[in-house]
Amino acid sequence: MSNSSSRRRDDPAAFPLPIGGLFADLELGGGCINLPDDFFAASGAIQVEVISDWQRALEELRHRALVRLYRDLADALPDCSDAGKMERFRVTCQRLEIECPEDMTPLLARF
């Protein structure tokens, strides 16, 4: 992250506006991006900074969703050991082609 990006986010005059272009199929779990021409009219530097901010925010949302998935699976396995729950989680992620961190412990503690 560049210092200018951090300064822009911390600037009290910053006022992010909604921008359309994120699409989701909540039944099948698919998504795509189709940003409007206004986004592409911005300079390359601005586009990169905005995308970087979005990536950080989306990664946090992905981590929250991974924790929720783990907890949903763990709740369904009350008699299973913690190691067994984690193994079931990893197998589920692999089956669904979901990339998950090697160590979920920090995420489980954070969220």
Side-chain angles (χ1 to χ4, degrees):
M1 173 175 71
S2 71
N3 287 337
S4 64
S5 175
S6 177
R7 280 195 303 269
R8 273 200 301 275
R9 276 195 308 280
D10 296 338
D11 186 335
F15 189 71
L17 298 172
I19 185 168
L22 294 177
F23 297 87
D25 183 329
L26 297 178
E27 290 181 21
L28 297 178
C32 64
I33 299 173
N34 187 11
L35 296 171
D37 292 338
D38 289 351
F39 177 80
F40 296 107
S43 73
I46 292 295
Q47 289 180 37
V48 169
E49 293 287 353
V50 168
I51 291 169
S52 294
D53 287 348
W54 285 345
Q55 285 176 313
R56 278 188 292 279
L58 286 169
E59 186 65 8
E60 181 164 331
L61 290 172
R62 191 177 85 70
H63 286 162
R64 287 179 185 271
L66 282 169
V67 168
R68 181 173 179 187
L69 175 59
Y70 173 82
R71 291 191 174 135
D72 289 347
L73 291 170
D75 289 347
L77 303 167
D79 297 329
C80 193
S81 69
D82 287 345
K85 291 175 184 178
M86 187 57 70
E87 180 60 25
R88 183 71 60 96
F89 170 74
R90 293 202 178 286
V91 167
T92 300
C93 286
Q94 184 177 22
R95 184 174 45 82
L96 297 173
E97 298 180 1
I98 296 172
E99 187 178 324
C100 65
E102 285 295 316
D103 187 5
M104 280 290 292
T105 306
L107 290 180
L108 293 169
R110 183 172 170 206
F111 301 109

| query | Does the pair Met104 and Val67 meet the rule for a side chain to side chain contact (heavy atoms under 4.5 Å, CB included), with working shown? | reply | CA-CA 8 Å; Met104 280 290 292; Val67 168; 4.2 Å; yes
| message | Just verifying a value: how many Å separate Gln47 CD and Phe39 CZ, rounded to the nearest 0.5 Å? | response | 4.5 Å
| Any residue meeting salt bridge (Lys or Arg N to Asp or Glu O under 4.0 Å) with Arg62, in chain and number order, not counting sequence neighbours | Glu59
| said: Let me check something: do Leu108 and Phe89 share a hydrophobic cluster, defined by ILVMFWY side-chain heavy atoms less than 4.5 Å apart, either directly or through other members? | reply: yes
| Exceeds 12 heavy-atom contacts within 6.0 angstrom, atom CD of Glu60 | yes
| field | CG on Leu35 to CG on Leu22, rounded to 0.5 Å | value | 7.0 Å
| Within one Ile-Leu-Val-Met-Phe-Trp-Tyr cluster: Ile19 and Phe23, side-chain cutoff 4.5 Å | no
| Any chain of hydrophobic side-chain contacts (each under 4.5 Å) joining Phe40 to Val50? | yes
| Qualifying residues under salt bridge (Lys or Arg N to Asp or Glu O under 4.0 Å), relative to Arg95, sequence neighbours excluded | none
| said: Same cluster or not: Ile33 versus Ile51, using hydrophobic residues (I, L, V, M, F, W, Y) connected whenever any side-chain heavy atoms lie under 4.5 Å apart? | reply: yes
| query | Do you know which two heavy atoms are closest between Pro106 and Asp103, and how far apart they sit? | reply | CD-O, 3.4 Å
| remark: One should read off an interatomic distance between Asp79 CG and Lys85 NZ, to the nearest 0.5 angstrom, of 8.5 Å
| task | Answer with yes or no whether the hydrophobic clustering places Leu77 together with Tyr70; edges join I, L, V, M, F, W, Y residues whose side-chain heavy atoms lie under 4.5 Å apart. | result | no
| Distance from Leu58 atom CG to Gln55 atom CD, nearest 0.5 Å? | 8.0 Å
| query | Can you tell me how far OG1 of Thr92 sits from CG of Asp72, rounded to the nearest 0.5 angstrom? | reply | 11.0 Å
| Side-chain heavy-atom pair Met86, Asp82 within 4.5 angstrom cut-off | no
| query | Looking only at atom types and distance, does a side-chain atom of Arg90 sit under 3.5 Å from a main-chain N or O of Glu102, one as donor and one as acceptor? | reply | yes
| task | Check ring pair (Phe, Tyr, Trp, His ring centres under 6.0 Å) between Phe111 and all other residues, then give those that pass, not counting sequence neighbours. | result | none
| task | Could you check Leu69 against Ile98 for side chain to side chain contact (heavy atoms under 4.5 Å, CB included), going step by step and ending with a plain yes or no? | result | CA-CA 11 Å; Leu69 175 59; Ile98 296 172; 4.2 Å; yes
| task | Can you measure from CG (Leu73) to SG (Cys80) and round to the nearest 0.5 angstrom? | result | 10.5 Å
